[in-house]
There are 2 protein chains.
Amino acid sequence: MALDAESSIPLHIQLSELLKGEILQGTIKEKIPPERVLMELYSVSRSTVRRAIAALISEGILESRRGSGTYIYNRPLEEWLGNLVTYNKTIDDLGMKPGAKLLSQGVVASTQELKDITQMDELYLINRLRLADNIPIAIETQYYPVNIGKQLSKFNLDEIVLYEVLESSLGIKLWEADQVISSTMPTKEEAQLLDILECESVLVIERSTCDYDGNLVEYLRGIFRSDMYAFRIKLGRNKL
Amino acid sequence: MALDAESSIPLHIQLSELLKGEILQGTIKEKIPPERVLMELYSVSRSTVRRAIAALISEGILESRRGSGTYIYNRPLEEWLGNLVTYNKTIDDLGMKPGAKLLSQGVVASTQELKDITQMDELYLINRLRLADNIPIAIETQYYPVNIGKQLSKFNLDEIVLYEVLESSLGIKLWEADQVISSTMPTKEEAQLLDILECESVLVIERSTCDYDGNLVEYLRGIFRSDMYAFRIKLGRNKL
DNA sequence: AAGTGGTCTAGACCACTCT
DNA sequence: GAGTGGTCTAGACCACTTG
């Protein structure tokens, strides 16, 4: 529990990693001890404590409230998933209501392609049609590790937002995502489900999402009607 | 030139903004003064100087080298444009060579759509076909403010990378970009140029890029063959 | 050897929140 | 009023780069 002053690793880094570990393991729950307590606890100066905390704040793990304390930050998912999931070009503008229809679910054996991506032999599949005012928008196929999928299946899959369930009920924190956007022609079945012609193009998004430890939590493949959806990305020079 | 100790704005913020201004205006060139000099210059402690500098480092404006000094950071464009421009799914793998063919260029009057996006009545258009080993990959239509476009036109437009010219020769630093990816069917002309069938879908990317002051530098519209290109985005929770 | 950034301490005052 | 985070100072030692 103590820091090593002889180590070549700076004290503020050691403390920062130590705190991060306790937060991610759940040893520290809602609020971290006050700076002056941490100072005595680990026998370092307040500047060093503050530097360790500052690092975790910029990592999005902590949030400090002046006069009150420093809290574990549960950033609303939308703040980053909003960038990541999908930008809905028209639905918001038109004030349409989102919905979903479950097509199929259950444990499936991995195809070779799925095995390459997920490194798992079995996956839990959830296949849904996403709607806006009952107009089909996208076909979303999600694959989860079997144990996670079975827990998810107990919830109402006609709701769209599985991410809230993952986080609040199952305690799984999504952390990083890698997504690829491409375009293709729909199959006959896909065209039928989306209520479009086979000659109309669709957008394809493939996304792998991991938790903090790098474990794959979800692999998603979505087929989007190109007349209803576009993806938007904002980037700045300072963001890596 | 002095900081206001009575201000409600923290000293490290004041100093940080002051330095940023001098860097972006070019008053400070390659290297900023040592911390101990800034300390005396603005009558603040070294911690305050370091905090101001730290902020600029995390903004990607400065870079410090131990034992040597703190330098203005010219991050290689690819480090962030790589995320932003396009991810080439197959070309790298196949070891193909990129090229470009100029289709047309010159000053054009804005259509209503262009006027909405750029707020300009006239634009300089550069229209090019992008190739990989002489296979057509994409049609890229770029619009620049007329004065910038005329300068760009003096360079060899069969080269692909205009961004390096913008930065090193014209001194324009790209800073932020907003891009939208969608999908559609090509027109007859587009299909012909790309050497695909009219019934094959294409990816459409529309991107506005601004400089540090928020002035639009480029508006780009690209039509990509969907069998040759996909866009890749990596996102993490900590990045805004 | 001199100069630079990197780390760390001890102590101070302020503005804010909570009760 | 007690406790919290936010700001700032003055001074120290270290590791590294450069002439």
Side-chain angles (χ1 to χ4, degrees), chain A residues 1-20 22-23 28-75, chain B residues 1-20 22-23 28-75:
Chain A
M1 277 306 162
L3 306 181
D4 177 10
E6 307 305 316
S7 163
S8 68
I9 299 166
L11 287 172
H12 71 267
I13 303 275
Q14 290 185 49
L15 180 53
S16 168
E17 293 295 331
L18 194 154
L19 289 172
K20 194 198 280 189
E22 294 194 344
I23 291 162
I28 298 179
K29 283 169 215 166
E30 174 211 14
K31 191 178 174 178
I32 69 168
E35 295 173 354
R36 287 158 180 93
V37 173
L38 289 172
M39 192 176 151
E40 297 239 328
L41 209 52
Y42 297 105
S43 306
V44 290
S45 73
R46 196 165 155 226
S47 315
T48 303
V49 171
R50 282 183 63 71
R51 197 163 168 187
I53 290 173
L56 297 180
I57 289 172
S58 76
E59 276 194 64
I61 293 177
L62 291 176
E63 167 197 28
S64 60
R65 302 181 202 154
R66 187 204 214 100
S68 169
T70 301
Y71 298 80
I72 295 175
Y73 191 16
N74 278 314
R75 197 182 293 236
Chain B
M1 276 308 164
L3 305 181
D4 178 9
E6 307 304 316
S7 164
S8 67
I9 300 166
L11 287 172
H12 71 267
I13 303 276
Q14 290 184 49
L15 179 53
S16 168
E17 294 294 332
L18 194 153
L19 288 172
K20 194 198 281 188
E22 293 194 345
I23 292 162
I28 298 179
K29 282 168 215 166
E30 175 212 13
K31 192 179 176 179
I32 69 169
E35 296 173 353
R36 286 158 181 92
V37 173
L38 290 172
M39 193 176 150
E40 296 238 329
L41 209 52
Y42 297 104
S43 305
V44 291
S45 74
R46 193 163 158 228
S47 315
T48 303
V49 171
R50 282 184 62 72
R51 198 163 167 188
I53 290 173
L56 297 180
I57 289 172
S58 76
E59 277 193 64
I61 294 178
L62 290 177
E63 167 198 27
S64 60
R65 302 183 202 151
R66 161 128 100 198
S68 169
T70 301
Y71 298 81
I72 294 175
Y73 190 15
N74 278 314
R75 197 182 293 236

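Naming: A, B, ... by sequence-line order, numbering from 1 per chain.
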E63(A) CD to dG6(D) P: how many Å, rounded? 11 Å
Of the nucleotides dT7(C), dC8(C), dT9(D), which has the atom closest to the V44(B) side chain? dT9(D)
Nearest to the side chain of H12(B), which nucleotide is it out of dG5(C), dC8(C), dT7(D)? dT7(D)
Return yes if the base of dG3(C) and the side-chain atoms of R66(B) contain a donor-acceptor N/O pair under 3.5 Å, otherwise no. no
Side chain of R50(B), heavy atoms from C-beta onward: which of dA10(C), dG6(C), dG5(D) has the nearest atom to it? dG6(C)
For a quick check of understanding: with a heavy-atom distance under 4.0 Å over all strands, which category does L11(B) fall into, base, sugar-phosphate or nothing? sugar-phosphate
Where at least one partner belongs to residues 11-20 of chain A, residue pairs that pass salt bridge (charged side-chain N to carboxylate O under 4.0 Å, His left out), sequence neighbours excluded: K20(A)-E59(A)
Rounding to a whole Å, what distance do you find between E35(A):CD and dT7(D):P? 11 Å
Figure out the CD1/P separation between I53(B) and dT7(C), and round it to whole Å. 13 Å
Under the 3.5 Å rule, do the base of dG6(C) and the side chain of R46(B) count as making a donor-acceptor pair? yes
Closer to the 5' end of DNA chain C via nearest nucleotide, is it S45(A) or Y71(A)? S45(A)
Y42(B) OH to dA10(D) P: how many Å, rounded? 18 Å
What one should report as the nearest heavy-atom pair of A5(A) and L11(A) is CA-CD2, 4.1 Å
Between dC8(D), dT9(C), dT4(D), which one does the side chain of P34(A) approach most closely? dT4(D)
May I ask you to say what R65(A) touches in the nucleic acid, namely base, sugar-phosphate or nothing, with a heavy-atom cut-off under 4.0 Å? sugar-phosphate
Nearest-angstrom distance from the residue atom CD of Q14(A) to P of dT7(C): 12 Å
Taking any heavy-atom pair under 4.0 Å as a contact, classify S68(B): base, sugar-phosphate, or nothing. sugar-phosphate
Atom CG of L62(A) and atom P of dT4(D): how far apart are they, to the nearest Å? 16 Å
Choose from dT9(C), dT7(C), dG6(D) the nucleotide whose nearest atom is closest to any side-chain atom of R36(A). dG6(D)
I need the CD-C1' distance between E40(A) and dG3(D), as an integer number of Å. 15 Å
R51(B) CZ to dT7(C) C1', in whole Å, measures 16 Å
Describe the nucleic acid contact of S43(A) in one word from base, sugar-phosphate, nothing, applying a heavy-atom distance below 4.0 Å. sugar-phosphate
Under 4.0 Å, heavy atoms only, any strand: does S64(A) hit a base, just the sugar-phosphate, or nothing? sugar-phosphate
